[in-house]
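What follows is a single structure, written as structure tokens, with notes after it.
Chain naming here is simple, since letters A, B, ... match the order of the sequence lines and numbering starts at 1 in each. None of the values given here were measured: they were computed from a predicted structure.
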Amino acid sequence: MAYRLDKTEYLLPATELAPALLGKFLCRNIEDEIIRLRITETECYYGEIDTACHAHKGKTPRTETLYRQGGCAYVYVCYGIHSMLNVVSGPEGFPEAVLIRGVQGYAGPGKLTKALHIDRSLNGENFSKSNKLWLEDDGYESSYKTAKRVGIEYAHPFDRDRLWRFILMEEK
DNA sequence: AAAGTGATCATG
DNA sequence: ATGATCACTTTG
């Protein structure tokens, strides 16, 4: 049996929530068809001090969602084509989030949002209350490896080299 | 290696 | 208003 994540779990810092989300189910209701896909890869973006984080230049209309209390979705469009899904984490007022970079069957953040019909209309969606998009835990025990984040060449070298990408290992 | 695509944000 | 930039994917 799988249970929806408790809203308190999203209050973890993104650095801890990112590995914790590996193996959890990303759930999406599309016209009463419910799709559940296990999360296989995440990255964390952590505060205004993280030069790879969208909020490192401060709050703007786009990044406002990042500043909310953990537990809602931050969705934006990248390269004009791809919607990116992030899980906002931590306390209100501190901008941090976990990018869902891959799920079972779909490698790549743009692919999974396309498969699940996730777009900006879901920006700000509350994972604890939503009947369209939420997360579930079925007790899956996972191990993972870390790596450098991708696609952030513009960031400070100090931030580029952080091992803030988390990848689910095949077996346990 | 580079195109393709469009929202976003800092300029003026 | 315009122009640069971008947590990507696909094609060659």
Scan the side chains in residues 69-87 of chain A for donor-acceptor partners under 3.5 Å anywhere in the protein, sequence neighbours excluded, and list what turns up.
residue, atom, partner, partner atom, Å
A/Tyr74, OH, A/His54, ND1, 2.9
A/Asn86, ND2, A/Tyr74, O, 3.2

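Looking at residues two or more places apart in sequence or on another chain, you find no salt bridge (charged side-chain N to carboxylate O under 4.0 Å, His left out) involving A/Arg62. By the salt bridge (charged side-chain N to carboxylate O under 4.0 Å, His left out) test, A/Glu96 is found to be paired with no residue, residues two or more places apart in sequence or in another chain being considered. Taking the salt bridge (charged side-chain N to carboxylate O under 4.0 Å, His left out) definition, one finds that A/Lys148 meets it with A/Asp161, sequence neighbours left out. The salt bridge (charged side-chain N to carboxylate O under 4.0 Å, His left out) test applied to A/Asp6 returns no partner, not counting sequence neighbours.
Paired runs in DNA chain C that reach 3 or more consecutive Watson-Crick or G-U pairs, where each pair keeps both distances under 3.5 Å, cover B:1-4 with C:8-11, B:6-11 with C:1-6.
The salt bridge (Lys or Arg N to Asp or Glu O under 4.0 Å) analysis of residues 35-48 of chain A, with sequence neighbours excluded, yields the pairs A/Arg36-A/Glu136, A/Arg38-A/Asp138, A/Glu41-A/Arg165, A/Glu43-A/Arg101. Pairs engaging residues 68-78 of chain A under the salt bridge (Lys or Arg N to Asp or Glu O under 4.0 Å) rule: A/Glu64-A/Arg68 [sequence neighbours left out].
Less than 4.0 Å separates DNA chain C from at least one heavy atom of each of the following residues of residues 51-71 of chain A: A/Ala52, A/His54. Contacts with DNA chain C (heavy atom under 4.0 Å) in residues 94-109 of chain A: A/Leu99, A/Arg101, A/Gly108, A/Pro109, listed by number. Looking at residues 110-128 of chain A, you'll see A/Gly110, A/Lys111 sit with a heavy atom under 4.0 Å from some atom of DNA chain C.
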List, with names and distances, any nitrogen or oxygen atoms from the protein found under 3.5 Å away from nitrogen or oxygen atoms belonging to nucleotides 1-5 of chain B.
residue, atom, partner, partner atom, Å
B/dT5, O2, A/Tyr79, O, 2.7

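Open room surrounds OH on A/Tyr106; 12 or fewer heavy atoms of other groups in view lie less than 6.0 Å from it.
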